[in-house]
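Below is one structure, written out as structure tokens, with a few remarks after it.
We count residues from 1, following the sequence as given.
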Amino acid sequence: MHPVEGLASQLRSDRGWSKHLSNEFRQPYMRELAEFLASEEQAGKVLFPARQHCFNALNSTPLDKVSVVILGQDPYHGPGQAHGLCFSVRPEVTLPPSLVNIFKEIQSDLGIDPPDHGCLQPWAEQGVLLLNSVLTVVQGQAGAHQGKGWETFTDKVIETINRERDGVVFLLWGSYAKKKGQHIDRNRHLVLDGPHPSPLSAYRGFFGCQHFSRANDWLQQKGQQPVNWALPSKAELIARYRK
């Protein structure tokens, strides 16, 4: 089996994405990417997230359910953090600073108290696509897999949403996300952009942006279900996903 076939097998066929993305796995760039990932693993490098979770964003949020897209850049590169959703970490892991700031803005915007964990899986299951531009990284090496082909694939994901869906809210935080989302049709979708929630930039306009309430207002105007941005407690979450 060629490595690209193993990679393709991680994308669930019942989520609506395969119809639009399966051809990508036949492109030279994706074959080269799969070979590169296999060589990294053969060299003994630890990749995050684990292979079975690299398409977690797409597998968790079917195409026909996407109502909000949040764009990230790279997976977290610390042990136990990344599980395939941008900004999200596993329930037992300490919250990264950017996620702390996201929860602060939600509290300011909607009056929702920050949760005792950083797992955003419940958002994904409501229709919030938590998409990183690059879907793998090497442990301890931020940005190690940039420029290897993932960006082309995730551009195709955004292009698919832009074309196939109507009335989606895109939350673009920071210059990288804004650039990646520059071709979104703003006549059909709502694009909310602003500074990144990182401690380095959150005070330049992320705090006070009210993107979460504005997203819900838009969805309700379009007759869609608003997102419940409140998350269950860590104990509830762990119990839910252990069933």
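Considering only heavy atoms from C-beta on, F25 stays 4.5 Å or farther from N23 through its side chain. Side chains of W173 and I102 form a contact here, defined as non-hydrogen atoms less than 4.5 Å apart. Side-chain atoms of F48 and Y76, non-hydrogen and from C-beta on, never get closer than 4.5 Å to each other. Between D113 and Q107, some side-chain heavy-atom pair lies under the 4.5 Å cut-off. At a threshold of 4.5 Å between non-hydrogen side-chain atoms, the residues V128 and T61 do not count as touching. In this structure, Y176 and L71 have side chains that are not in contact, with every pair of non-hydrogen atoms separated by 4.5 Å or more. Looking at V69 and V168, their side chains come closer than 4.5 Å, going by heavy atoms from C-beta outward. Looking at heavy atoms from C-beta onward, Q27 lies out of side-chain contact with R31 at the 4.5 angstrom threshold.
At a cut-off of 3.5 Å, with distance as the only test, a side-chain donor of K180 or T154 sits close to an acceptor on the other residue. For the residue pair Q73 and N132, no side-chain donor N or O sits within less than 3.5 Å of a side-chain acceptor on the partner. Inspection of the E236 and S233 side chains reveals an N or O donor paired with an N or O acceptor under 3.5 Å. A donor and an acceptor atom, one from each side chain of Q220 and Q224, are nowhere located under 3.5 Å apart. The closest side-chain donor-acceptor pair between H2 and E35 falls under 3.5 angstrom. In this model, a donor atom of one side chain and an acceptor atom of the other lie less than 3.5 Å apart for T136 and H145. For the 3.5 Å distance criterion, the side chains of Q146 and D74 qualify, holding a donor opposite an acceptor.
Among all heavy-atom pairs drawn from P122 and P232, the shortest one is CG-CD, 3.9 Å. Scanning all heavy atoms of the two residues, the minimum distance from Q126 to P226 falls at OE1-O, 4.3 Å. S213 and L110 make their closest contact through CB-CD2, 3.7 Å (heavy atoms, listed as atom of the first residue, atom of the second, distance).
F87 and I158 are assigned to two separate hydrophobic clusters, defined by single-linkage of ILVMFWY side chains at heavy-atom distances under 4.5 Å. Note: the hydrophobic cluster containing W17 also contains M30 (ILVMFWY, side chain heavy atoms under 4.5 Å, direct or indirect links). Put simply, L219 and I106 are part of the same group of oily side chains (I, L, V, M, F, W, Y) that touch within less than 4.5 Å, one to the next.
Shown are K65, H83, Q121, E125; of these, the side chain to side chain donor-acceptor pair (under 3.5 Å) with S60 is made only by Q121.
The NE2 atom of H77 sits 9.5 Å away from the CD atom of Q141 when rounded to the nearest 0.5 Å. In this structure, CG on L172 lies 5.0 Å from CD1 on I184, to the nearest 0.5 angstrom. In this structure, L120 CG and L99 CG are separated by 5.5 Å, a value rounded to the nearest 0.5 Å. The CZ atom of R188 sits 4.5 Å away from atom CG of D166, with the distance rounded to the nearest 0.5 Å. To the nearest 0.5 Å, the span separating CZ on F170 from NE2 on H211 amounts to 14.5 Å. To the nearest 0.5 Å, the span separating CZ on F212 from CG on L192 amounts to 10.0 Å.
Geometrically, K148 does not engage W150 in a cation-pi contact defined by less than 6.0 Å to the ring centre and at most 45° from the axis.
One finds no salt bridge joining D116 and K234 here, because no Lys/Arg side-chain nitrogen approaches an Asp/Glu carboxylate oxygen to under 4.0 Å.
Remark: aromatic rings of F153 and F55 are close, center separation under 6.0 Å. Side-chain rings of F206 and H196 stay apart, their centers remaining 6.0 Å or farther from each other.
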